[in-house]
Every structure is written in structure tokens, then in C-alpha cells.
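Everything on this sheet refers to the single structure shown next.
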Amino acid sequence: MRKRKGQISMETIRLFVEELIIRCGLHGSVVPVVRHILLVIVVVLLAMLSYSVGRRVILLLTKVVARKGMQWNKALLVSVCRIIPAIVVWELLPLVFYQYHVVRVLLTRFTAIYIIVMVTRAAIALLDSFDGLRGDERSAKQQYLKSLRGVLKIVAVFLACILVVATAIGRSPMTLFAGLGATSAILMLVFKDTISGLVAGIQLTSNDMVHKGDWITVPSANLNGVVEDISLTTVKVRNFDNTIVTVTPQTLVEDSFQNWIGMQQSEGRRVKRVVYYDFRSVCMIDETLRKQLVEKEYFKPEEVEGSIVNMALYRRFIERFLSRNAYVNQQLTFLVCQKEGTNAGLPLEFYFFLKDKEWINYEHQLAEIMEYIYAVTPDFGLKIYQQTPMQ
């Protein structure tokens with residue numbers, strides 16, 4: 001019934017235009033030409049009017065939304081404004097070219113294709129307007145939603161292409177979908193890398209493996225920097241030398257990579273240094289060394305009584321130094337442990353965590369601590385192993 005009323009209304013407009021032409025004194029073969037020209041003008045004016053009204057309504061809504069602290073995507077607004085007049089033209093084309101079937105069909109198909117393209121563009125803009133990954137936000141949920149939006153964009157473009165082709169050739173879209181089943185194997189072979197990257201990207205984000213803003217290291221790709229952007233097919237990383245490296249999500253999934261987010265979120269950044277000492281300098285302390293350690297206030301007299309190895313005192317002193325150092329997080333593990341001896345000397349491992357995880361501060365504080373450890377070594381009668389160059 002609604003369609004019938006629409007047809008009656010369109011027919012009323014056409015008859016009104018014809019009557020107006022006849023009253024102007026035009027007859028014969030001139031009438032159809034003038035009628036088509038007038039109807040085209042009417043359609044154009046109605047389309048322009050609908051665009052103007054739609055634009056004003058959308059701008060009004062935009063101002064109302066802006067007062068609440070929200071903003072709409074500009075591309076979405078433009079696409080919606082362009083869809084409205086296209087729908088008006090599409091509805092009125094049968095009225096204008098009712099006597100010319102071929103022209104009416106061609107123009108109707110062209111208008112329908114235009115509407116499909118604009119609707120697809122509006123859908124993509126709508127998905128972009130929900131982009132929640134801004135600044136240094138690293139929520140796994142937001143990253144997953146971004147990947148999901150990427151999949152939906154691909155699906156929207158794919159469906160739009162099917163609808164455009166179906167509209168252009170005048171066939172049902174379901175016919176084209178049925179035909180795709182026979183060519184799916186070929187499509188999977190041609191787009192194998194794209195599909196693999198797509199699956200890897202979803203796996204990368206859904207498993208919370210990496211986020212925007214993370215510091216990652218991938219030795220195989222010469223990659224060591226901060227993740228700037230993650231999409232379904234690429235991961236863009238800015239190295240610390242300011243070079244941009246782009247890898248596929250599949251590279252991160254298949255190869256091992258190191259994500260430093262755990263260190264960044266922890267209470268300290270780990271230090272694990274090994275220093276080799278000359279075996280020949282390891283000995284029992286004598287009275288001279290005992291007196292020297294007490295005079296320099298490394299130990300109290302009662303702490304160095306009896307037979308004690310200088311290496312044992314050295315380890316005990318360094319651990320005490322680490323426990324009192326302002327740079328070291330005493331809430332986390334700190335120790336000086338002895339490793340298995342090698343032909344390069346006796347290795348001692350210094351293991352502790354620094355409170356400041358920022359790169360420059362970390363390196364400076366680490367250097368200060370290790371330099372002090374090197375400097376006090378001779379006071380215990382120890383020597384750091386250093387290979388003598390061959391003459």
C-alpha cells in the first residue's frame with residue numbers, strides 16, 4: 001500500500017508538469033523534451049534541497065553532541081550528507097525517464113552504485129570514530145577492538161564490491177556469492193600471505209602479546225624500539241636510532257621476540273653483570289689486609305677475626321653495599337653469587353634491580369655502581385682478570 005501511494009504521488013507530479021507545459025502553448029513532439037528537462041530540473045532541485053536540509057540537521061546534531069564533549073567523524077558526516085540526495089534521485093528516476101527504459105535502468109544502476117559506495121564509506125568512517133587507541137593507552141581490549149574494526153572494514157569493502165558488481169550487471173548478489181564458492185581455493189592461494197597476516201594479527205592482539213607503546217626487541221628483524229602502531233597486517237616500530245621498522249604480525253608470532261612491558265610495569269629493572277677475577281689473587285687474609293679493611297671501615301674488627309678468604313669478605317661487602325645503595329630496590333632480590341670457574345678466571349655475578357627504569361638514568365646509575373665495585377676490588381687483595389695481549 002505504501003508503494004502504491006508513492007506511485008500515485010509520482011504520477012501526480014508528472015501529470016502536473018505535462019499540464020503546465022500544455023498551458024504554456026507547447027504541443028506535439030516538443031512536449032516530451034520539455035517535460036524531461038523540467039523533470040530533471042525538479043529532481044536536481046529536490047536533491048539539492050534534501051542535501052541542504054540533511055546537512056543542517058546533521059550540523060545541528062553535531063553541535064548538540066559537541067556540547068557533551070563528543071565529536072563525530074568528519075568523513076561520516078560528509079558521507080551521510082551525500083547519501084540523502086542520492087536516495088532522492090534514485091526514487092525519482094522512474095518518474096523522469098518512464099518512457100526510456102534503457103536510460104532509466106542505467107541511471108538507476110549508477111545511482112545505486114553511488115549509494116553503495118557512500119554507505120560503505122560511512123560505515124568505515126563510523127568504525128573509525130570508535131578508535132580508542134590514542135596516546136600511550138595499552139589496553140588489550142582496545143587493541144583487540146581495533147583489530148576487530150579492521151576485520152569489519154575488510155568485510156564491508158568485500159560486500160560493497162559484490163553489491164557493486166551485482167548492481168552493474170543486473171544480477172542478484174546471492175548469485176555472485178554462490179559463484180565465489182568455486183573460486184575460494186584460488187582466492188586463498190592468491191591471498192595466502194594476506195590471510196596469514198590477518199590471522200597472525202588477530203592472534204597477536206587477542207592473546208595480549210604486544211600493545212601500542214611497548215618496548216620490544218626482535219633480533220632477527222634488527223628491531224629494538226617502541227611500538228607506534230599495530231594493524232591487522234603490519235606492526236610499526238620506532239627504533240631508538242629513530243629509524244622506522246615495519247614487520248608483519250606473522251613475524252612476531254612465528255619468531256621469538258622480547259617484550260619489555262613486564263620490566264616497565266615492575267618495581268625495578270634488573271642488572272645481571274658477571275666479572276671475572278684472577279684465581280691467583282684469591283687467598284686467606286693476612287694481618288696487613290685485616291688491618292686495612294678495618295681502617296677503611298669496610299668491616300668491624302670482630303667481623304674479620306679468624307681465617308677468612310678475601311673473596312668471601314668481598315662478596316659480603318658488595319651485598320652490604322647494594323643493600324644500602326639508594327639506586328637499588330631492596331624489596332627485590334640482590335645478591336653476589338659465585339659461578340663455576342673458567343680458564344678466564346673465577347666469575348662473580350652481581351644480580352640486583354634498579355628503581356629507575358628510564359634508559360639514560362638506568363645506564364648512569366648502573367655505571368656508578370659497577371665503577372665502585374671495580375674500584376674497591378684491590379682493597380681486598382683481589383685482581384680482576386684481564387687477558388694479556390700476545391707480544
Side-chain angles (χ1 to χ4, degrees), residues 215-220 224 240 256-260 262-264 266-300 303-391:
W215 169 19
I216 64 173
T217 303
V218 186
S220 61
N224 183 16
F240 291 117
S256 61
F257 73 96
Q258 190 172 14
N259 192 332
W260 296 82
M263 180 274 295
Q264 293 173 330
S266 68
E267 297 298 325
R269 183 172 176 181
R270 190 188 70 173
V271 175
K272 187 178 180 182
R273 291 294 179 91
V274 176
V275 180
Y276 292 85
Y277 294 83
D278 195 333
F279 277 108
R280 291 167 292 188
S281 65
V282 180
C283 62
M284 305 294 293
I285 64 172
D286 54 18
E287 291 301 324
T288 303
L289 183 56
R290 195 190 315 271
K291 183 179 180 180
Q292 179 180 327
L293 294 176
V294 173
E295 288 178 350
K296 292 190 175 183
E297 298 183 351
Y298 291 163
F299 293 98
K300 296 178 180 180
E303 293 177 328
V304 291
E305 293 178 352
S307 299
I308 305 177
V309 179
N310 59 349
M311 178 63 77
L313 289 175
Y314 180 72
R315 289 189 294 103
R316 193 187 308 171
F317 172 77
I318 297 302
E319 286 188 352
R320 185 182 299 176
F321 164 73
L322 293 176
S323 68
R324 297 172 179 174
N325 192 284
Y327 297 150
V328 179
N329 189 335
Q330 283 79 31
Q331 303 301 320
L332 301 177
T333 304
F334 60 92
L335 59 88
V336 179
C337 57
Q338 186 180 132
K339 299 296 183 180
E340 185 178 356
T342 68
N343 58 0
L346 178 63
L348 282 186
E349 182 179 87
F350 303 92
Y351 188 96
F352 55 94
F353 291 82
L354 294 181
K355 297 177 182 178
D356 198 331
K357 296 168 287 185
E358 198 274 327
W359 184 28
I360 297 178
N361 296 336
Y362 168 83
E363 293 293 344
H364 287 169
Q365 294 171 10
L366 171 58
E368 287 184 25
I369 292 174
M370 294 308 299
E371 286 162 0
Y372 180 81
I373 292 174
Y374 299 147
V376 299
T377 300
D379 294 340
F380 289 81
L382 296 170
K383 292 182 180 179
I384 296 176
Y385 179 83
Q386 181 172 308
Q387 186 174 4
T388 303
M390 297 181 63
Q391 300 295 334

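For the numbers below, each heavy atom of this structure counts, side chains included, while hydrogens, waters and symmetry mates do not.
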Inter-residue atom distance Thr333.OG1 - Phe352.CZ, 0.5 Å rounding: 13.0 Å
With under 30° as parallel and over 60° as perpendicular, where do the rings of Trp359 and Phe240 fit, or are they tilted in between? tilted
Atom of Lys339, atom of Leu346 and distance for their closest heavy-atom approach: O-CD1, 3.9 Å
Measuring from atom NZ of Lys383 to atom CZ of Arg280, what distance do you get when rounded to the nearest 0.5 angstrom? 8.0 Å
Using modelled atom types and a 3.5 Å cut-off, is there a donor and acceptor pairing between side-chain atoms of Arg290 and backbone atoms of Gly306? yes
Using atom types as modelled and distance alone, determine if a side-chain donor or acceptor of Tyr385 lies under 3.5 Å from a backbone N or O of Val275. no
Just verifying a value: how many Å separate Tyr314 OH and Leu348 CG, rounded to the nearest 0.5 Å? 7.0 Å
Would you compute the distance between atom CE of Met311 and atom OH of Tyr277 and round it to the nearest 0.5 angstrom? 6.5 Å
Nearest heavy-atom contact between Leu322 and Gln330 is O-NE2, 3.1 Å
Heavy-atom side-chain contact between Tyr298 and Val376 under 4.5 Å: yes
Are the side chain of Glu340 and the backbone N or O of Pro347 linked by a donor-acceptor pair below 3.5 Å? no
Just by modelled atom types, is the Glu267 backbone N or O under 3.5 Å from a matching donor or acceptor in the Asn329 side chain? yes
Nearest atoms (heavy-atom pairs only) where Val309 meets Ile285: C-CG2, 4.3 Å
Asp286 side chain near Leu289 side chain, heavy-atom distance below 4.5 Å: yes
So, for Phe353 and Tyr351, is the gap between ring centers shorter than 6.0 Å? yes
With side chain to side chain contact (heavy atoms under 4.5 Å, CB included) as the test, would you mind laying out the steps for Val336 and Phe350 before giving the verdict? CA-CA 5 Å; Val336 179; Phe350 303 92; 3.7 Å; yes
Please assess Asn224 against Trp215 for the test side chain to side chain contact (heavy atoms under 4.5 Å, CB included), listing each intermediate value before the final yes or no. CA-CA 7 Å; Asn224 183 16; Trp215 169 19; 2.8 Å; yes
Any chance you could measure Ile373, atom CD1, to Arg273, atom CZ, to the nearest 0.5 Å? 10.0 Å
Looking at CG of Leu335 and OG of Ser323, how far apart are the two atoms once the value is rounded to the nearest 0.5 Å? 12.5 Å
Using modelled atom types and a 3.5 Å cut-off, is there a donor and acceptor pairing between side-chain atoms of Gln386 and backbone atoms of Asp278? no
Between Asn325 and Phe334, is the side chain to side chain contact (heavy atoms under 4.5 Å, CB included) condition met? List the steps. CA-CA 11 Å; Asn325 192 284; Phe334 60 92; over 6 Å; no
Taking all atoms of both residues into account, what is the closest heavy-atom pair of Arg270 and Tyr362, and its distance? O-OH, 2.9 Å
Heavy-atom donor-acceptor pair, Glu349 side chain to Cys337 backbone, under 3.5 Å: no
Parallel, tilted or perpendicular: rings of Phe380 and Phe299 (30°, 60°): perpendicular
Closest heavy-atom contact between Asp379 and Leu293? O-CD2, 3.6 Å
Of all heavy-atom pairs linking Leu354 and Leu366, the shortest is CD1-N, 3.9 Å
